Amino acid sequence: MNMPQSTIFALASAPGRSGIAVLRLSGPAATQAIGKLCRPKILPKPREAVLRKIHHVQTSVLIDCALVIFFPAPQSYTGEDVVEFHVHGGRAVINALTESLYQLNFQLAEPGAFTRRAFENGKMDLTEAEAVADLVNAECEAQRRQAMRQLEGDLGKLYETWRAHLTKALAHLEAEIDFSDEELPKDIARDRLADVRGLSLEIKHYLDDRHRGERLREGFTITILGPPNVGKSSLLNTLAKREAAIVSEVAGTTRDVIEVHLDLGGYPITLVDTAGLRESVDKIESEGVRRALARAGHADFKLLVFDGEHWPKLDEATRKLMDDNALVIVNKADLISESNGNSVRLGADLFIATKTGEGIEALLDRLVQEIDLRFANTGQPPLTRLRHRAALEECVGHLNRALVAAAPELCVEDIRLASRALGHITGHIDVEDLLDIIFRDFCIGK
Ligand code: GDP
């Protein structure tokens with residue numbers, strides 16, 4: 001691996017005003033920053049926070065009194081010498097310190113540069129590095145748990161275990177090619193090919209996971225559908241007011257319908273309100289209905305809302321959308337009891353009234369149950385990225401080819417390619433060309 005020789009720095013805490021801001025340096029010259037900027041100049045003991053006066057490198061003006069921590073290589077996040085300045089988080093303080101670091105010829109870090117160095121110095125594999133970005137971006141408990149599990153190395157270990165099986169298969173199959181006349185245990189090739197077949201099935205099964213890990217990273221979409229005027233917008237507003245809103249945008253969502261991002265029972269949810277489903281000659285309304293139906297097609301889960309006033313009469317267009325991923329909800333339950341009596345409170349999953357709040361708690365509980373069911377953990381750490389999925393599909397493709405190969409040499413070659421595909425996920429095999437893409441999604445200072 002190439003050891004980056006430059007010393008980089010970046011603000012590791014959020015930009016803007018804060019009580020404390022952390023500026024972090026990594027690289028062979030990191031300790032020089034202490035000698036040039038701090039009074040006293042003495043290098044602090046490793047991993048011990050010490051209070052130092054920080055002076056501007058050119059003007060010698062006192063910038064701040066700050067905590068300084070030194071993490072000597074290799075026992076640091078990046079594996080290089082790392083120095084942290086915990087200064088007061090005012091813009092002027094940060095600017096003055098940044099200016100001094102520039103003047104000392106340190107380079108401003110690119111997004112993800114610290115984690116990239118950690119990977120390049122063998123402190124973590126690629127799945128763990130990706131988990132760092134996921135943990136920084138996690139907005140809900142379930143996302144945090146998934147990222148933390150990956151950061152602990154569970155995902156990388158799973159892929160490496162599979163790769164170890166293939167390495168063993170390769171060794172034995174190659175031995176049979178090279179030493180066919182020698183005394184080798186009988187049936188060795190047959191046993192290894194049975195292992196390969198088993199592994200191919202295991203990976204296929206693992207891939208057939210309804211994308212739960214990826215969806216948890218990106219957010220789970222619940223779409224509200226139904227005829228006009230049944231209270232869809234009222235339901236969206238009621239749920240949005242009750243649950244914590246997620247402020248940031250969720251990647252990949254479009255803005256052609258009204259949507260809110262919520263933390264529902266620890267899960268990241270995008271709740272989408274759509275135009276009422278009805279036949280219309282009005283061009284704009286028809287377009288709204290078309291988009292609503294398109295959203296219904298993409299939704300992870302649907303809330304089909306009907307009007308209590310007309311219940312149990314069903315709107316046909318909405319009825320057609322009923323399936324295993326839908327809840328039938330009758331809103332305006334307050335009007336049912338007034339007009340028809342309790343006898344018609346049958347045939348739906350839930351009766352609610354956004355006007356009175358009736359049934360909203362039960363709806364929320366039910367939604368969390370439904371989401372739990374879909375994200376239920378099967379034991380193995382979930383697949384969290386398209387990059388991993390593509391590599392695993394490539395791996396299975398090679399394994400399947402290996403199993404029907406016309407000659408032992410071709411079989412071995414396909415197993416080798418399958419093993420390489422797995423190695424790409426964890427970064428144990430030449431991934432230089434991938435690194436720019438992977439670390440581009442990080443924030444600066446990480
Ligand atoms: P949408 O067109 O389906 O989005 O429906 P809206 O949310 O705009 O609501 C349509 C009408 O139904 C409004 O006048 C709401 O005040 C009313 N409404 C919504 N929820 C309830 C409810 O639970 N009970 C009653 N009686 N009226 C409701």
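This one's a predicted model, so the numbers in the text were calculated from it and none came from an experiment. Whatever order the structure lists ligands and atoms in, that order sets their numbers, starting from 1. The first residue in the sequence is number 1, and the count goes up from there.
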Practice task
Dump the intermediate steps for salt bridge (Lys or Arg N to Asp or Glu O under 4.0 Å) on Glu370 and Arg366, then the final yes or no.
Solution key: CA-CA 6 Å; Glu370 296 286 344; Arg366 179 66 187 268; 2.9 Å; yes

Handout entry: Student check: side-chain heavy atoms of Leu239 and Leu271 closer than 4.5 Å
Key = yes

Handout entry: Spacing of Lys204 atom NZ and Leu199 atom CG [to the nearest 0.5 Å]
Key = 11.0 Å

Problem - Crowding at CD, Glu413 (>12 non-hydrogen neighbours, <6.0 Å) - result: yes

Practice task
Test the Arg374-Tyr267 pair against the cation-pi criterion, namely NZ or CZ under 6.0 angstrom from the six-membered ring centroid and within 45° of the ring axis.
Solution key: no

Find all protein N or O atoms under 3.5 angstrom from an N or O atom of ligand 1 and list the pairs with distances, or write 'none'.
unit_1   : atom_1 : unit_2 : atom_2 : d
ligand 1 : 2 (O)  : Asn229 : N      : 2.8
ligand 1 : 3 (O)  : Asn229 : N      : 3.3
ligand 1 : 3 (O)  : Val230 : N      : 3.1
ligand 1 : 3 (O)  : Gly231 : N      : 3.0
ligand 1 : 3 (O)  : Lys232 : N      : 2.9
ligand 1 : 3 (O)  : Lys232 : NZ     : 2.8
ligand 1 : 4 (O)  : Lys232 : N      : 3.4
ligand 1 : 4 (O)  : Ser233 : N      : 2.8
ligand 1 : 4 (O)  : Ser233 : OG     : 2.7
ligand 1 : 5 (O)  : Gly231 : N      : 3.0
ligand 1 : 7 (O)  : Ser233 : N      : 3.4
ligand 1 : 7 (O)  : Ser234 : N      : 2.9
ligand 1 : 7 (O)  : Ser234 : OG     : 2.6
ligand 1 : 12 (O) : Lys332 : NZ     : 3.2
ligand 1 : 20 (N) : Asn331 : ND2    : 3.1
ligand 1 : 20 (N) : Thr354 : OG1    : 2.6
ligand 1 : 23 (O) : Asn331 : OD1    : 3.3
ligand 1 : 23 (O) : Thr354 : N      : 3.0
ligand 1 : 23 (O) : Lys355 : N      : 3.1
ligand 1 : 24 (N) : Asp334 : OD1    : 2.9
ligand 1 : 24 (N) : Asp334 : OD2    : 3.3
ligand 1 : 26 (N) : Asp334 : OD2    : 2.9

Fill in the blank from the handout: With sequence neighbours left out, the residues meeting ring-ring contact (aromatic ring centres under 6.0 Å, His included) with Phe220 are Phe375

